[in-house]
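Please read these numbers as outputs of a predicted model, since none were measured by experiment.
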Amino acid sequence: MQRRTLLQGALVALCLPTAVTHAATPAIQVYKTPSCGCCHEWVEHLRKSGFTVNTTDVPDTAPYRTRYGVPTELASCHTGVVGGYALEGHVPAEQIKRLLAEKPKAKGLAVPGMPMGSPGMEMDDHRRDAFDVVLIKADGKHQVYRHYVAS
């Protein structure tokens, strides 16, 4: 009987860190158009990186960019929201995790346009354009949060 209790306790202890880590990651809400294939690929990138993602198909994502304070010049094809931050475009999961860990006073992150090689925009030829992940500050100004080089 004691051996069984000990084994059950060990099993719970092994599973606990995973459950706590997974529960600590907030869900991402994504607004996208129904016909956008790269949006689907970005959502899959997020899920593979441990995020829970809920999607809502909308006819136009512009009102969501406006609602969450994303400047027009940083527009892309979809808008996400997590932990009170906006996510515009093909933002890598690692930068979302960094944002959530650092908690800067900001509106969110953006990857303007649709750069080849960014998450969701990978091609068979493995080409990757240089691109920036941009931090949208609380005052609406923005700065480079992380630069990715071309390959």
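- The shortest non-hydrogen separation linking T79 to E88 is OG1-OE1, 2.5 Å.
- Between G89 and H78, the shortest heavy-atom contact is O-NE2, 2.9 Å.
- No single ILVMFWY cluster, assembled from side-chain heavy atoms under 4.5 Å apart, contains both V70 and Y64.
- Distance check, rounded to the nearest 0.5 Å: CD of Q95 to CZ of R98 gives 5.5 Å.
- Between A62 and D60, the shortest heavy-atom contact is N-OD1, 3.1 Å.
- Note on V91 and F51: same hydrophobic cluster, where clusters join Ile, Leu, Val, Met, Phe, Trp and Tyr whose side-chain heavy atoms are under 4.5 Å apart, directly or indirectly.
- L87 contributes atom CG, which lies 7.0 Å from atom CG of L99 (distance to the nearest 0.5 angstrom).
- Taking all atoms of both residues into account, the shortest heavy-atom contact from H90 to G120 is ND1-CA, 3.9 Å.
- Rounding to the nearest 0.5 Å gives a distance of 13.0 Å between NZ of K107 and NZ of K137.
- Using a 4.5 Å heavy-atom threshold, the side chains of P92 and V111 count as touching.
- How far CG of L135 is from CG of L74: 10.5 Å, rounded to the nearest 0.5 Å.
- In this structure, CG in L100 is found 7.5 Å from OH in Y85, a value given to the nearest 0.5 Å.
- Under the side-chain contact (heavy atoms from CB on, under 4.5 Å) criterion, A150 pairs with A130, sequence neighbours left out.
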Could you list the donor-acceptor pairs under 3.5 angstrom formed by side chains in residues 28-36, with sequence neighbours left out?
residue, atom, partner, partner atom, Å
Q29, NE2, N54, O, 3.4
Q29, NE2, T56, OG1, 2.8
K32, NZ, D57, OD1, 2.7

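- Taking both residues in full, the closest heavy atoms of C77 and T61 are given as O-CG2, 3.8 Å, listed atom of the first, atom of the second, then distance.
- For the pair E44 and R47, the salt-bridge criterion is met [side-chain N within less than 4.0 Å of a carboxylate O].
- A donor-acceptor pair shorter than 3.5 Å cannot be found between the side chains of H45 and E122.
- When hydrophobic clusters are built by joining Ile, Leu, Val, Met, Phe, Trp and Tyr residues whose side-chain heavy atoms come closer than 4.5 Å, directly or via intermediates, I136 is not grouped with M114.
- Side-chain atoms of S76 never come within 3.5 Å of backbone atoms of P112 as a donor-acceptor pair (strictly under, hydrogens ignored).
- For the atom pair NE2 of H142 and CG of L109, the computed distance is 13.0 Å after rounding to the nearest 0.5 Å.
- For P119 against F131, the heavy-atom pair with the smallest separation is CD-CZ, 4.4 Å.
- Y148 and M121 are members of different hydrophobic clusters when ILVMFWY side chains are connected at heavy-atom separations under 4.5 Å.
- Residues V134 and M116 fall into different hydrophobic clusters, defined by Ile, Leu, Val, Met, Phe, Trp and Tyr side chains chained together at heavy-atom separations under 4.5 Å.
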